[in-house]
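These notes are about the structure you will find just below.
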Amino acid sequence: MAAKNALLKYFRLSVQTVPPRLRGPRVAIGGSFSQLIRQRFFSEEARGSFLDKSEVADRVINVVKNFQKVDPSKVNPNAHFQNDLGLDSLDTVEVVMALEEEFGFEIPDNEADKINSINLAVDFIASHPQAK
């Protein structure tokens with residue numbers, strides 16, 4: 001207990017209130033959480049730089065249709081890479097790499113592993129501020 005109290009005393013921080021005139025803008029009740037996050041945490045350049053979801057969907061579908069192992073007639077916004085398009089895990093990695101090239105940013109491996117359908121790819125890319 002003494003060690004715990006000593007550690008807590010060591011890590012204790014002084015906190016000061018911020019005068020109202022120095023506080024950032026507030027979002028009215030009823031505003032969406034994503035608006036709040038974008039408003040508070042992204043720089044001016046990043047705000048509003050998210051791509052339109054329908055544009056992302058069109059581009060993702062185009063990339064998948066142009067993938068050599070995919071039958072373009074089977075591609076739709078709800079298509080699963082393995083179940084609907086017959087791609088194996090290596091093919092899926094290649095599709096994700098093609099999406100990285102198309103949108104000009106690197107998708108981290110832990111996120112790339114989760115992308116196994118067109119919908120998931122669209123959702124991830126449309127929510128990423130570096131997508132171009």
Side-chain angles (χ1 to χ4, degrees):
M1 187 67 160
K4 177 182 173 186
N5 289 336
L7 279 173
L8 289 175
K9 186 175 182 179
Y10 178 78
F11 288 114
R12 200 163 279 158
L13 302 172
S14 63
V15 177
Q16 299 175 358
T17 60
V18 177
R21 62 183 162 76
L22 297 178
R23 291 184 190 151
R26 297 192 182 245
V27 174
I29 295 176
S32 75
F33 182 71
S34 64
Q35 289 172 333
L36 174 65
I37 295 299
R38 287 181 188 165
Q39 180 180 2
R40 300 289 290 173
F41 297 108
F42 290 129
S43 66
E44 287 295 326
E45 305 88 49
R47 287 185 202 163
S49 65
F50 292 90
L51 296 175
D52 179 57
K53 199 167 185 175
S54 63
E55 176 192 346
V56 172
D58 291 342
R59 289 171 62 188
V60 168
I61 288 171
N62 190 38
V63 166
V64 174
K65 280 184 177 181
N66 289 327
F67 190 68
Q68 62 188 7
K69 296 181 180 178
V70 170
D71 177 2
S73 66
K74 293 182 178 180
V75 177
N76 64 62
N78 299 315
H80 188 275
F81 295 150
Q82 293 171 334
N83 299 342
D84 300 326
L85 303 177
L87 301 177
D88 62 23
S89 58
L90 185 57
D91 295 331
T92 300
V93 170
E94 290 180 27
V95 168
V96 171
M97 289 172 60
L99 292 172
E100 289 176 331
E101 189 173 319
E102 171 70 21
F103 290 95
F105 75 101
E106 186 174 333
I107 300 173
D109 290 342
N110 62 333
E111 294 297 329
D113 292 341
K114 298 174 189 174
I115 298 174
N116 58 15
S117 69
I118 291 179
N119 279 337
L120 290 174
V122 170
D123 290 342
F124 180 79
I125 293 167
S127 68
H128 202 285
Q130 292 178 339
K132 298 175 184 163

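Values below: all heavy atoms of this structure, side chains included; hydrogens, waters and symmetry mates excluded. All values derive from a computational prediction rather than experimental measurement.
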Write down the atom of [X], the atom of [Y], and the distance for their closest heavy-atom approach.
{"X": "A121", "Y": "L99", "value": "CB-CD1, 3.9 Å"}
{"X": "Q82", "Y": "S89", "value": "NE2-N, 3.7 Å"}
{"X": "A79", "Y": "K74", "value": "CB-O, 4.1 Å"}
{"X": "I115", "Y": "T92", "value": "O-CG2, 3.6 Å"}
{"X": "F103", "Y": "V60", "value": "CE1-CG2, 3.8 Å"}

**Q.** Positive for side-chain contact (heavy atoms from CB on, under 4.5 Å) with L85, one of N76, V64, D91, V95
**A.** V64
**Q.** Given I107, D113, V63, the one that forms side-chain contact (heavy atoms from CB on, under 4.5 Å) with V96
**A.** I107
Q. Sub-3.5 Å donor-acceptor pair from the side chain of N62 to the main-chain atoms of D58, do we have one?
A. no
Q.
Would the distance check show the side chain of E100 and the main-chain N or O of F105 forming a donor-acceptor pair, the cut-off being under 3.5 Å?
A. no
Q) If you draw a 6.0 Å radius around CD in E101, do more than 12 non-hydrogen atoms from other residues or ligands fall strictly inside? A) no
Q | Cluster overlap L87 with I61, hydrophobic side-chain contacts below 4.5 Å | A | yes
Q | Step-by-step side chain to side chain contact (heavy atoms under 4.5 Å, CB included) determination, H80 to N116 | A | CA-CA 6 Å; H80 188 275; N116 58 15; 3.5 Å; yes
Q) Between E94 and F67, is a side chain to side chain contact (heavy atoms under 4.5 Å, CB included) present by the stated rule, with each step listed? A) CA-CA 9 Å; E94 290 180 27; F67 190 68; 3.6 Å; yes
Q.
Do the side chains of D88 and K69 get close enough for a salt bridge, i.e. N-O under 4.0 angstrom?
A. no
Q) Any side-chain donor paired with an acceptor under 3.5 Å for D71 and S73? A) yes
Q: Hey, could you give me the CD1/CD distance between I125 and E111, rounded to the nearest 0.5 Å?
A: 11.5 Å
Q | Between CG on residue N66 and CD on residue E102, distance to nearest 0.5 Å | A | 9.5 Å
Q.
Let's go through V70 and F81 carefully: what are the C-alpha distance in whole Å and the side-chain angles of both, what is the deciding distance for side chain to side chain contact (heavy atoms under 4.5 Å, CB included) to 0.1 Å, and is it a yes or a no?
A. CA-CA 9 Å; V70 170; F81 295 150; over 6 Å; no
